[in-house]
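Here's the structure, in structure tokens; my notes come after.
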2 protein chains.
Amino acid sequence: MLSQAIQDYLKTIYKLEEDGTVSTTAIAKELNISGASVTGMLKRLASMKLVDYNSYKGVRLTNEGRKIALEIIRHHRLLELYLREALGFPLEKIHDEACRLEHVVSQDFLQKIEEILGNPEYDPHGHPIPSKDGDIEISNEKPLVNFRNGDVVIVKRLSDHDPQMLSYFEKMKILPSTIIRIVDKAPFNGPITVFFNGESQIIGNEISKNIFVELYEEKEEN
Amino acid sequence: MLSQAIQDYLKTIYKLEEDGTVSTTAIAKELNISGASVTGMLKRLASMKLVDYNSYKGVRLTNEGRKIALEIIRHHRLLELYLREALGFPLEKIHDEACRLEHVVSQDFLQKIEEILGNPEYDPHGHPIPSKDGDIEISNEKPLVNFRNGDVVIVKRLSDHDPQMLSYFEKMKILPSTIIRIVDKAPFNGPITVFFNGESQIIGNEISKNIFVELYEEKEEN
DNA sequence: AACAGATTTTAGTCCCATCTAATTTCAAAT
DNA sequence: ATTTGAAATTAGATGGGACTAAAATCTGTT
């Protein structure tokens with residue numbers, strides 16, 4: 001069994017990898033540890049063939065490393081959903097709890113909750129849940145702020161970095177599947193007036209960068 | 001936060017404490033580690049005021065140490081019950097899973113599952129669940145083997161050390177609350193014929209030492 | 001081409017929790 | 001009272017994973 005520390009490194013590298021190779025400093029920041037510690041661990045991970053590492057040039061996951069990262073992410077997202085659906089956790093508390101549980105739950109446990117949840121595809125923030133084999137949907141939603149007046153969009157995913165922001169989303173009832181019409185974007189990166197759930201709301205420009213949406217295609221009645 | 005190792009030591013010492021002070025070797029056996037390691041840790045625990053420790057004379061929990069041990073045991077037993085009741089785990093698998101989860105679940109998590117379980121008093125093996133303040137029922141049931149022909153007893157608790165035995169109990173439907181009549185004890189520590197759930201069964205002498213029961217007092221109809 | 005500043009790595013330390021081997025202490029029996 | 005065998009402790013080592021301080025490397029700018 002890989003240590004919790006190693007699992008956390010792999011998970012972090014996976015998340016950061018969207019922007020090409022991953023720098024020592026980026027990992028250090030994400031995990032709140034010193035750069036020197038990261039260098040040390042990257043060498044270990046490289047010797048275990050979990051990452052490809054070149055001094056001063058950053059790091060990438062190997063296939064093996066990615067597989068493990070996705071396994072942990074699978075645990076995390078299933079747990080988040082279970083905490084929310086079965087235990088009624090508020091959105092802003094699920095992340096931390098899942099971060100601790102993800103390293104210790106057994107396959108039996110995961111199988112049970114997956115069944116109970118009905119083989120879900122997305123976690124409560126809208127992230128896709130990797131399959132047992134490590135397949136994961138590639139999603140390409142964009143931040144709300146990128147869209148234009150009059151656009152009607154559907155929320156696909158919320159950024160989950162800031163618990164307070166999540167708490168705000170929950171209070172506002174801005175959640176995955178929410179359908180939003182952009183009424184007005186104030187100039188100079190000002191607030192955005194939107195319409196959803198039957199009323200107008202104003203949301204800040206910064207926050208709107210953390211709501212990831214797609215253009216909403218009206219479905220035909222059947 | 002105390003390390004998982006420390007939590008495990010305290011839990012183990014608590015369990016062994018029924019027989020007065022606890023020896024280094026007993027702890028070592030229980031945790032599957034060397035005696036030398038235990039001596040080292042006992043010194044640390046003593047310096048943290050979690051145990052009273054005298055070289056060569058064994059160890060006892062302080063009140064503070066006992067409080068923490070009971071907290072962990074509370075986690076463990078609530079989790080065992082939840083795994084069984086809510087997730088349908090088989091009896092023999094709940095212990096290991098709970099051992100891993102008990103160190104990482106939050107108070108929020110425990111509160112939720114306690115609610116869902118309806119503030120239970122016993123875990124699936126029949127052990128009392130400590131309260132939040134660390135109060136725990138003192139129970140005084142005796143092994144089935146101690147009773148005599150004709151006695152009618154109620155199962156209070158099953159020994160949870162051997163998963164295979166638990167699996168056997170489950171298959172036999174010998175569980176806490178089961179009412180058993182002792183029909184015949186074969187001589188020379190032979191097997192015991194018992195009657196319960198409408199049929200006779202024969203159980204081995206060894207196994208009967210792991211079923212803890214009390215004399216059953218017939219309740220009046222009301 | 002060389003320098004400045006940021007990034008990264010090296011060198012050396014620390015703490016936790018374990019280990020083995022060697023030694024000490026205890027307690028029971030002669 | 002001495003011996004002896006078990007139990008416990010000490011001594012010293014190891015690996016994991018973090019740290020700080022110092023040195024090395026990279027990159028962008030002049």
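All heavy atoms count here, side chains included; hydrogens, waters and symmetry mates do not. Here is the naming used below: chain letters follow the sequence lines, and residue numbers restart at 1 for every chain.
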Would you please indicate if the ring centroids of B:H76 and B:H95 are separated by under 6.0 Å?
yes

A:L42 CG - C:dT9 P separation (whole Å)
7 Å

State which of C:dT20, C:dT10, D:dT9 makes the closest approach to the side chain of B:S34.
C:dT20

Presence of A:K43 side-chain N/O under 4.0 Å of C:dT10 phosphate oxygens OP1/OP2
yes

When all nucleic acid strands are considered with a 4.0 Å heavy-atom cut-off, which category describes B:K29: base, sugar-phosphate, or nothing?
nothing

Looking at A:R60, is its backbone amide N or carbonyl O close enough to the side chain of A:D52 to form a donor-acceptor pair, meaning the two atoms are under 3.5 Å apart?
no

Can you tell me how far P of C:dC15 sits from CE of B:M41, to the nearest Å?
15 Å

Look at all strands and tell whether A:K57 reaches a base, only sugar-phosphate, or nothing, counting heavy atoms closer than 4.0 Å.
nothing

Interatomic distance, A:I27 CD1 vs C:dT9 C1' [rounded to whole Å]
14 Å

Strictly below 4.0 Å, N to O, side chains only: are B:R66 and B:E17 in salt-bridge contact?
yes

Please state whether the phosphate of D:dT10, meaning OP1 or OP2, lies under 4.0 angstrom from any side-chain nitrogen or oxygen of B:T39.
no

Is the shortest distance from a Lys or Arg side-chain nitrogen in B:E170 or B:R84 to a carboxylate oxygen in the other one below 4.0 Å?
yes

Taking the minimum atom-to-atom distance to the side chain of A:A36, which one of D:dT10, C:dT18, D:dA21 wins?
D:dA21

Is the backbone of A:K185 close enough, under 3.5 Å, to the side chain of A:N149 for a donor and an acceptor to pair up by distance?
yes

Interatomic spacing from CG in A:D96 to CG in B:D108 - rounded to 0.5 Å
10.5 Å

Check each residue of residues 3-13 of chain B for a non-hydrogen atom within less than 4.0 Å of any atom in DNA chain C, then write out the ones that pass by number, or none.
B:S3, B:A5, B:Y9

Nearest whole Å is fine: how far is D:dT14 P from B:I33 CD1?
20 Å

To the nearest angstrom, the CG-P distance between A:N32 and D:dA18 comes to 11 Å

May I ask you to say whether A:R100 pairs ionically with A:E97, meaning some side-chain N is under 4.0 Å from a carboxylate O?
yes

Under-4.0 Å salt bridge between A:R74 and A:E102
no

Looking at B:T24, I'd like to know whether one of its side-chain N or O atoms comes within less than 4.0 Å of OP1 or OP2 on D:dA7.
no

Quick check on A:D133: does its CG atom have over 12 non-hydrogen neighbours (other residues, nucleotides or ligands) under 6.0 Å away?
yes

Of the residues in residues 46-56 of chain A, which ones touch DNA chain D at a heavy-atom distance under 4.0 Å?
A:Y56

